[in-house]
Amino acid sequence: MDLLIEQRSGWVRLTLNRPEARNALNTALLAHIAQTLGSLAHNDSCRAVVLTGAEGNFAAGADIAEIEHKTTAQAVTDPRKDHWAAIRAFPKPLIAAVEGYALGGGFELALMADLIVLGATAQLGLPETSLGLIPGAGGGQRLLSLAGRMRATRLVLTGEIIDAATAYEWGIASHVADGPAFPAAAALADRIAQRAPLALAAAKRALVEGAESPLAFATERAGFEALLDTADKAEGLAAFRAKRRPGFIGR
Ligand code: CO8
């Protein structure tokens with residue numbers, strides 16, 4: 001099972017479970033997250049969801065093996081877009097509990113949560129430009145909204161990875177734990193699950209719309225799709241595989 005589902009008292013824990021690939025988000029895993037959240041939306045015993053990753057990492061991005069073969073034309077009709085949208089449309093509070101790596105699409109997934117709890121080991125970054133790509137699931141936009149233009153630009157243009165304390169200081173996370181993230185996220189979910197579900201849903205809707213309606217999601221997505229056919233994307237991914245530095249040519 002690439003997604004573990006555990007019912008707790010009034011809320012549900014979902015664990016990304018592809019530790020051999022650092023929980024990279026391939027299409028099947030993304031579909032499972034979207035489908036599971038879709039059914040939890042109608043399940044009264046779930047008033048909130050905590051999303052975690054197995055074996056000490058959140059998720060090291062979209063699955064590079066899949067992106068390698070993806071073209072611009074395929075991306076336009078890619079079902080992954082619907083999965084990302086379904087995740088963001090989950091109407092109940094979604095809490096990301098982040099340990100270890102949350103990179104690329106993994107960080108973008110965490111940024112779709114309503115609250116982010118960072119464990120002491122968390123390392124966050126958007127390394128896509130090192131691969132000849134950009135964040136395509138709205139992560140650049142959400143980072144812009146949370147951390148401001150200079151910090152978002154710094155992370156997107158350099159691929160720099162930041163630690164938990166920095167991310168918290170920049171406003172990217174709601175909570176930071178001294179040790180592991182999950183106990184703190186569970187305490188948060190316990191507290192939220194006792195509050196009025198209709199009020200939580202109405203509050204979430206208004207907060208998300210207020211924060212995200214000005215963002216340039218379509219521009220970001222179109223940029224990501226256009227880059228899939230470039231020689232630099234092929235070079236970036238080949239270099240990652242070969243564990244060497246890429247030589248980009250601007251084509
Ligand atoms: N996809 C697929 N496999 C991965 C990924 C990934 N993103 N990350 C790691 N793996 C695999 C490795 O290939 C390796 O497999 P194998 O054992 O078969 O060689 C295994 O996981 C372990 O990886 P490492 O040996 O590299 O483990 P380390 O602990 O040394 O390093 C890192 C961990 C730092 C996480 C390193 O693996 C890494 O840099 N990974 C890639 C990070 C990255 O560049 N992520 C961005 C991917 S692109 C992206 O997310 C685009 C999102 C766009 C959204 C789409 C919108 C529509």
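Start at 1 and go down the list; that is how both ligands and their atoms are numbered.
Residue pairs meeting the salt bridge (Lys or Arg N to Asp or Glu O under 4.0 Å) criterion with at least one member in residues 132-153, sequence neighbours excluded: Arg142-Glu212.
Shown here are the side-chain contact (heavy atoms from CB on, under 4.5 Å) partners of Ser174, two or more places apart in sequence or in another chain: Leu115. A search for salt bridge (Lys or Arg N to Asp or Glu O under 4.0 Å) contacts involving Arg8 returns Glu6, not counting sequence neighbours.
Residues Leu16 and Thr52 are not in side-chain contact: their nearest non-hydrogen atoms beyond the backbone lie 4.5 Å or more apart. Counting heavy atoms from C-beta outward, Asp114 and Phe90 have side chains that stay 4.5 Å or more apart.
Among protein residues, Glu20, Ala21, Arg22, Ala24, Ala60, Gly61, Ala62, Asp63, Ile64, Ile67, Trp84, Tyr101, Leu103, Gly104, Gly105, Glu108, Pro127, Glu128, Leu131, Gly136, Ala137, Arg221, Phe224, Phe240 come within 4.0 Å of ligand 1, judged on heavy atoms.
Other residues, nucleotides and ligands place no more than 12 heavy atoms under 6.0 Å from the CD atom of Glu209.
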